[in-house]
Each structure stands twice: as C-alpha cells, then as structure tokens.
**Q** 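What follows is a single structure, and I will ask about it in a moment.
Ligands are counted one by one from 1 in listed order, and the atoms in each one are counted from 1 as well. What you see below is based on every heavy atom in this structure, not just the backbone, and it leaves out hydrogens, waters and symmetry mates.
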Amino acid sequence: MRIGVLTGGGDCPGLNAVLRAIVRTAENEYGDEVIGFRDAWDGVRNRDTMTLDIESLRGSLPKGGTVLGTRRGSPYDWPEGPSLVSEILGEYAIDALIVIGGNGSLAVANELHRDHGLPIVGVPKTIDNDVEGTDVTFGFHTAVQTATDAIDRLHTTAESHDRVILVEVMGRHTGWIATYAGIAGGAAAILVPERPFDPVEICDLIRRRNSRGRYASIIVVAEGAEPRPGTMEIGPRETDRFGHVRFTGISELLAPEIEHRTGIEVRVVKIGHIQRGGTPTAFDRVLATRYGLAATAAVHDGAFGHMVALRDNEIVRVPLSVPGSRTRTLDTALFDAVALPFFS
Ligand code: F6P
C-alpha cells in the first residue's frame, strides 16, 4: 500500500513518535510505502511531499515538533478544495491517508471521508487534551510536566518576594492543563473556563492566606478562563486569520484587579509555547507509538472514517464524527474533588 500522512493544527510533543511508529509498522509488517505531506493540507495542495522511511526518521522519537511541519487551515477554505485533495491523492496513488490532528483537523478528515469517500484514518493529538472520544491525547502529559516544572520554580521566587504570581497556561476552551499542573504544582487556586471565576472571591482567598502567614500565592490560569458575568470587564477577544479566538491575556487583565483590591504585588507569567515544544515525556512517547501502530493496522483493516483512541488504557477505533461533535471539556468532578478543597 501507499500511505499518505500529514500533521495538522498546532504542533505537540509526540508527533514524530507517531510518524516513526507508522513508518516502522508500515515498512516492517506490511511492506508499505509512506509519503508525508508537508505543512498539513498545504502540502497536499502544493504537492509538497517527502518520503518517510525508517532511515529518515531514525532518532526522531525524542524530538518535539513534527518533521513534516504543520499549519492551521483546511481544504474547505480553498475553491474546490475537497475534489482537489481527492485528485492529488489519486495522482500520488495514495491508498489511505492518516491525518494526525486535533479537533479541527479531525473534523475536516471526517467531512472528507463522509462526503467525498476519502480513505482516511485519524490520530488525535493536542496538548489541550480536548478531543472527544479519547481518554487522553499525546502531548498533554508533556505540557503538564513543563507547566508543573515552571510552577515549582515560581514558588520560590513568589515566596521570596511575598507576591502573587498568575501562571497562564494553554487551553482554549478547557482547563485540563491548568487543573493537572495546578494540582501537581500545589497552586493556591486554579482558574478554568469550565468554572467562571469571581475576582472578589480570588482576592478574599489571597487575604485569607495572608492572614495565616501565607504571603505568596501561585494561581494557575487557563488562557480560556473567564470571569463570571458582571464581575469584571474583559472586552472583546482578538481572532487569528482563521477566525479562531486568540486566547491569551486574561491574567494580564486579572493582575491589576487583584493588585488594586488587595494592595499585594502581582506578577504574570505566561508559559505560552514553551509548553508545546521540546522533548515528549516517556508517557507521550509510548502513547504516540501505540497510536502510530494502531493507525497503520486500521488502514490495513480498511477502518476508514475512524480515529484511533485510548479508552480504559486500551487502543480502540472511534468514528471520526465523534471528535468534531463537541469539545471534551474538563472532568469537573476531578476539579471539584481534588483541586477545589485546597483553595482555602
Ligand atoms: O495547540 C492548541 C493550542 O495550544 C491552544 O491551547 C492555544 O490557544 C493555541 O494552540 C495557540 O496556538 P498558535 O499560537 O499556534 O495559534
């Protein structure tokens, strides 16, 4: 078989590990050839390909990012996009396409399969861990570790200066990274989109801590966290050229509110793309490898229109319609049971 592969959306640690596993299984077990499309769907449109084989991916397992490059955007943004994709896959004699992506890329993959019959298998990725249908996406674990390491360091400087530090982490619509890193890093509070916050309550919490001699507080803020309606003005959010809301800056708005209300010095640290880069954790390498093996097997079983997923530690196949059906928001039971009781 000739298998095409692309990586779409924001990068995340573990993408190369998936590519490596696909290529190793494809070559060693099935005698397949694997063609990579560079820069996601742009590589299909521009006929920009690279041969992926065991040799070219040697040493890639611990490397962050993606050797294929990635972009946002979709064939549905181009005139006649889906038929052009179909035509170009035909030109390259591609028997199956593996799309490694988050919610956006997997939704596009679903439509291309459903409406145009393209033979696609999906692999879920994102540091945000917000893909419906899988218990976890690779990249999340690494991002949490990176954010936790940063929080560990911030504790000592916050304590030395008796400051409040707001640590902003990624998570457009979900508080997965904030919650896990906040719990692991012993944050005084965690603000997530799923539980809108009240700045007055945060200030009360800081004052209570102060009255007990806890003059430093680390507050982890998911970039998509929002105040309860009527509690704080945040103004309109910017959008990028794909119309996605650009989430970043909520902590910069919250910091002066806290300073003003409590008189305590506040600093803001945005971990930003550091949490998306660098070497994947062992957990993410293993998960990515399992996904890569399973995706190649799914292609050979003709399980098109499915993505591979992790459920109860088993790799399963889930219809590609599932990830686009909703955003997998935070397990609020975990948040309420484990994170909330510590905020006092
Ligand atoms: O990969 C998902 C994500 O990490 C979001 O949490 C974040 O809002 C977004 O990517 C930022 O991505 P970029 O700066 O590449 O547009």
**Q** My understanding is that we take every heavy atom of each candidate and find the minimum distance to atom 1 (O) of ligand 1. Doing that for R276, H173, R71, which one comes out nearest?
**A** R276
**Q** Any nitrogen or oxygen of H273 lying under 3.5 Å from a nitrogen or oxygen in ligand 1? Just yes or no.
**A** yes
**Q** Say whether E223, considering both its backbone and side-chain N or O atoms, lies within less than 3.5 Å of an N or O atom on ligand 1.
**A**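 It does: an N or O of E223 is found under 3.5 Å from an N or O of ligand 1.
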**Q** Decide yes or no on salt bridge (charged side-chain N to carboxylate O under 4.0 Å, His left out) for E201 and R228, but give the supporting numbers first.
**A** CA-CA 11 Å; E201 284 176 8; R228 274 187 219 140; 3.2 Å; yes
**Q** For residues R285 and T279, is any side-chain donor paired with an opposing acceptor at under 3.5 Å?
**A**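 Short answer, yes.
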**Q** Under 4.0 angstrom from ligand 1, any heavy atom of Q275?
**A**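 No.
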**Q** How are the rings of F140 and Y180 set to each other: parallel, tilted or perpendicular (split at 30° and 60°)?
**A**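 Rings of F140 and Y180: perpendicular, over 60°.
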**Q** Near G171, which atoms of ligand 1 are under 4.0 Å from a heavy atom of that residue?
**A**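 That gives atoms 6 (O) of ligand 1.
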**Q** Among all residues two or more places apart in sequence or in another chain, which pass the side-chain hydrogen bond (donor to acceptor under 3.5 Å, both in side chains) test with D204?
**A**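 D204: side-chain hydrogen bond (donor to acceptor under 3.5 Å, both in side chains) contacts with R207.
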**Q** Check ligand 1 against I127 and write out every atom of the ligand that is under 4.0 Å from a heavy-atom position of the residue.
**A**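 Answer, ordered by atom number: 4 (O).
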**Q** Output all residues satisfying salt bridge (Lys or Arg N to Asp or Glu O under 4.0 Å) with D149, sequence neighbours left out; order by chain, then residue number.
**A**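 Salt bridge (Lys or Arg N to Asp or Glu O under 4.0 Å) check on D149 returns nothing, list empty.
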**Q** Please determine whether salt bridge (charged side-chain N to carboxylate O under 4.0 Å, His left out) holds for the pair D336 and R195, giving the CA-CA distance in whole Å, both sets of side-chain angles, and the decisive distance to 0.1 Å.
**A** CA-CA 10 Å; D336 294 344; R195 290 269 186 268; 2.5 Å; yes
**Q** Give the atom numbers and elements of ligand 1 that come within less than 4.0 Å of a heavy atom of R72.
**A**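 Close to R72: 9 (C), 10 (O), 11 (C), 12 (O), 13 (P), 15 (O), 16 (O).
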